[in-house]
2 protein chains.
Amino acid sequence: MARKKPLPFDPIDEASRQWGRRWGAVEQMRAVTSLMRAQQIVIGELDDILKNHGLTFARFEALVLLTFSRRGSLPLGKMGERLQVHPTSVTSIVRRLEAAGLVTRTPHPDDGRAVLCEITTAGRELVEAATADLVAADFALHGLTDEQLKMLWTVLEPLRHSAGDFS
Amino acid sequence: MARKKPLPFDPIDEASRQWGRRWGAVEQMRAVTSLMRAQQIVIGELDDILKNHGLTFARFEALVLLTFSRRGSLPLGKMGERLQVHPTSVTSIVRRLEAAGLVTRTPHPDDGRAVLCEITTAGRELVEAATADLVAADFALHGLTDEQLKMLWTVLEPLRHSAGDFS
DNA sequence: GGTATTTAGTAGGACGTCCTAGTAGTTTGG
DNA sequence: CCAAACTACTAGGACGTCCTACTAAATACC
């Protein structure tokens, strides 16, 4: 994941300097660029860890969600709501999980339109193993203090809220 | 972008509650999930704004980078370094920019392997217009104070640093 | 100088994300 | 009770990201 040759300067810092000479909203630009890059770094590391289990972070999240449900199963639509992704993304994720034998797809007993996704025993075991690895790796958030982690969440919370994720 | 029906609770908060009952690293998990979701929200809004200009944020960033260069041109490899993306991503981005007439691709005069990407007049004009829109929209970071924006950057900086982005 | 290695970029493919469109069930309202 | 509206999901495609080859050119090293 790490660049072969790290730049001798922070590219975002450098860009924000140039940005400031022409346009406004320097702090916003810098924050957004940071956010993008940090997300890219983190998901790269997480996917790297999960690759050893044949997973991606998206699929891992789906499995975790299922383990949190009472019966270990949810309709795809509910999964999309909780994971905050588009319905078609859920279809894609679940298709791959099913192919790996980690979930099963059955028609919903009470609603002919819906599909129930249920985690298998193999899925539950894999979640445990994968989670252990992620926790051991600090979720790729090396060196951030609990203070900083809370700050990150606190700063981003109103952003998520105003985007209409929840009320 | 906004969900049709926002959940009556914060899905990340809810997940972290359940997570805490089984596994550790609750703060990390919550921070990571926040980061992922916030990035998704922000890039969604930015792409939405840029769609009016026939751009995406990735392509916008590439154009901005070119306007920051002395001659308005850079070899693809340099662009990848500065944008912190894989070489093949640069190829993809530049191909689309070229198709839109926003950049030209010419062989590098001093290095037969390299390709020089140069922004066109149309490209420069588009960057100005698109930037104005993004700035007007606060880069989709509605309501975050300068304090919070700085905090975001500050918290994420060491993460980027330790990933080897720069030294 | 001539070969070996490194470097720049492209080709093709996997994945996750979104979108639009379409199908098949369910619910609503007259 | 039947048609209209809505809902759950799938199909197919665009985009950006990464990866693994692969080609061609430049550089290093005998």
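Atom set for the values below is all heavy atoms of this structure, side chains included, hydrogens, waters and symmetry mates excluded. In what follows, every chain begins at residue 1, and chains take the letters A, B, ... in the order their sequences are listed.
In this structure, A/Trp19 and B/Phe68 have perpendicular ring planes: the angle between them is above 60°, well past the 30° mark.
Grouping Ile, Leu, Val, Met, Phe, Trp and Tyr residues whose side-chain heavy atoms lie under 4.5 Å apart, directly or via other members, places A/Trp153 in a hydrophobic cluster with B/Ile12.
For A/Ser92 against C/dC15, no side-chain N or O and base N or O form a donor-acceptor pair under 3.5 Å.
Put simply, CZ on B/Arg95 is 9 Å from C1' on C/dT10, counting in whole angstrom units. Regarding A/Gln84, its CD atom lies at a distance of 16 Å from the C1' atom of C/dG16, rounded to whole Å. Regarding B/His86, its NE2 atom lies at a distance of 8 Å from the P atom of D/dT20, rounded to whole Å. Atom pair A/Gln40:CD and D/dC19:P shows a separation of 10 Å (rounding to whole Å applied). Straight-line distance from the CD1 atom of A/Ile93 to the C1' atom of D/dT10: 15 Å, rounded to whole Å. Computed from coordinates, the B/Met36 CE to D/dT17 C1' distance equals 13 Å when rounded to whole Å. Atom CE of B/Met79 is separated from atom C1' of C/dT7 by 18 Å (rounded to the nearest Å). Rounded to whole angstrom, the span from the CZ atom of B/Arg37 across to the P atom of C/dG16 amounts to 17 Å.
Nearest to the side-chain atoms of A/Arg96 among the listed nucleotides C/dG16, D/dG12, D/dC15 stands C/dG16. Of the candidates D/dT20, C/dT17, C/dT20, C/dT20 carries the atom nearest the A/Thr88 side chain, counting heavy atoms from C-beta on.
Residue A/Ile49 holds its CD1 atom at 11.0 Å from NZ of A/Lys51, rounded to the nearest 0.5 Å. We find the CZ-CZ distance between A/Arg96 and A/Arg59 to be 6.0 Å, quoted to the nearest 0.5 Å. From A/Leu66, atom CG reaches atom CG of A/Leu97 across 8.0 Å, with rounding to the nearest 0.5 Å.
Across all non-hydrogen atoms, the minimal contact from A/Cys117 to A/Leu76 is CB-CD2, 3.7 Å. Across B/Val42 and B/Phe139, no two heavy atoms sit closer than the pair CG1-O, 4.0 Å. Pairing each heavy atom of A/Ala31 with each of B/Leu152, the nearest pair is CB-CD2, 4.1 Å. In terms of heavy-atom proximity, B/Gln28 sits nearest to A/Leu141 at O-CD1, 3.7 Å. B/His53 and B/Asp133 make their closest contact through NE2-OD2, 2.9 Å (heavy atoms, listed as atom of the first residue, atom of the second, distance).
Listed by residue number, the members of residues 54-63 of chain A with any heavy atom below 4.0 angstrom from DNA chain D form an empty set. A heavy atom closer than 4.0 Å to some atom of DNA chain C occurs in no member of residues 127-136 of chain A. If you check residues 102-115 of chain B against DNA chain D, the residues with a heavy atom closer than 4.0 Å are B/Asp111, B/Gly112, B/Arg113, listed by number. Residues from residues 67-78 of chain A lying near DNA chain C, meaning a heavy-atom separation below 4.0 Å, are absent.
Residues passing the ring pair (Phe, Tyr, Trp, His ring centres under 6.0 Å) test with A/His161 are A/Phe166, sequence neighbours excluded.
One finds a salt bridge joining A/Glu27 and A/Arg30 here, because a Lys/Arg side-chain nitrogen approaches an Asp/Glu carboxylate oxygen to under 4.0 Å. Salt-bridge formation is detected for the pair B/Arg17/B/Glu14: a Lys NZ or Arg NE/NH1/NH2 atom is positioned less than 4.0 Å from an Asp or Glu carboxylate oxygen.
Between A/Thr91 and the phosphate of D/dC9, there is no side-chain N or O to OP1/OP2 separation shorter than 4.0 Å.
A donor-acceptor contact shorter than 3.5 Å links the side chain of B/Thr120 to the backbone of B/Gly101.
A residue-by-residue look at B/Leu116 and A/Asp47 shows that B/Leu116 has its nearest nucleotide of DNA chain C further toward the 5' end.
A/Ile43 comes within 4.0 angstrom of nothing in the nucleic acid, heavy atoms only.
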